[in-house]
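Report on one structure; see the data block that follows.
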Amino acid sequence: MHLVIFDLETTGFSPRLHEIIQIAAVRLRHGAVLPAERFATFVRPQSAVPAHITEITGISNRDVRLAPEPASCLAAFSRFVGDATLVAHNGRRFDIPFLRESSNRHGLRLREVSFFDSMELSRRLWAREPSHSLDAVTDRLGLSTENLRRHDARGDVQLLASAVVSMWQRLGAAPDLCPVPLEVGHLPA
DNA sequence: GCTAGGCAGGAACCCCTCCTCCCCT
């Protein structure tokens, strides 16, 4: 199966009120990360990056000041995705609505793309565990976060890719058979 | 340690609405 694992950093939680400031993604084919197939860009927001977001993500106004505009970043990301299935952690509630809202706001025509939420893999594996956050998942899998910048999309997406590969294997699913139902999201056409 | 928005899922109830929790930055 052809997957694109992605992560967004934004200026807040609301797709209507806040903006994307970073997109990162890695490609997986047949259950393995393709090291040469990575996507990462800062995105120039219309408003300033709030101080508390810089504190969390390490992303400052200096990082995004000269970055490409949202419309071209979203279009480039969509080209990178191609016909792959998207994967994001809590993507159903956060990343996927953010992509749709941001594309709409910038007047981009949309196309449908399949996705699944990696939290569903965790729920399948550890139904009784109270937390399925990325931190909880990586702890349970014993994944190292050394040399990774957490809350930078490039670091988070690398961690999430390892987590997805590991959870997929633990579920005993064949590399080309998704163990959770696919859903529909939107990207620029 | 609080805040921000929206969702899913449950409670209470029979079809909606309301509530609370989780998770993302």
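In what follows, every heavy atom counts, from backbone to side chain, and hydrogens, waters and symmetry copies are set aside. Residue numbers begin at 1 in each chain, while the letters A, B, ... track the order of the sequences. Computed from a predicted structure; not experimentally measured.
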Check: If you take all heavy atoms of A:Leu171 and A:Arg124, which pair is closest and at what distance?
Finding: CD2-CB, 3.8 Å
Margin query: So which atom in A:Val49 and which in A:Asn61 form the shortest heavy-atom distance, rounded to 0.1 Å?
Written below: N-OD1, 2.8 Å
Margin query: Counting only Watson-Crick pairs (N1-N3 plus N6-O4 or O6-N4) and G-U wobbles (N1-O2, O6-N3), all under 3.5 Å, who is the partner of B:dG5?
Written below: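 Partner of B:dG5: B:dC24.
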Need one value for [X]: base, sugar-phosphate or nothing, where a base atom within 4.0 Å counts as base even if backbone is also close, heavy atoms only.
X: A:Asp156; value: sugar-phosphate
X: A:His89; value: sugar-phosphate
X: A:Asp7; value: sugar-phosphate
X: A:Ile21; value: nothing
X: A:Thr11; value: nothing

Check: Is the shortest distance from a Lys or Arg side-chain nitrogen in A:Arg93 or A:Asp117 to a carboxylate oxygen in the other one below 4.0 Å?
Finding: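 No salt bridge links A:Arg93 with A:Asp117.
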Margin query: What I want to find out is whether A:Glu120 reaches A:Arg92 closely enough, with some N-O distance under 4.0 Å, to be called a salt bridge.
Written below: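 Salt bridge between A:Glu120 and A:Arg92, a charged N being under 4.0 Å from a carboxylate O: yes.
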Check: Given A:His89 and A:Leu159, is the side chain to side chain contact (heavy atoms under 4.5 Å, CB included) satisfied, shown in steps?
Finding: CA-CA 11 Å; A:His89 204 68; A:Leu159 189 62; over 6 Å; no
Checklist line | Toward the 5' end of DNA chain B, by each residue's nearest nucleotide, A:Arg93 or A:Gly12 | finding: A:Arg93
Note to self: Once you measure the plane-to-plane angle for A:Phe80 and A:Phe39, does it fall in the parallel (<30°), tilted (30-60°) or perpendicular (>60°) bin?
What the structure shows: tilted
Notebook entry, point to check: When you list every nucleotide of DNA chain B with an atom under 4.0 Å from a heavy atom of chain A, which one comes first 5' to 3', and which comes last?
Noted result: B:dA4 to B:dT25
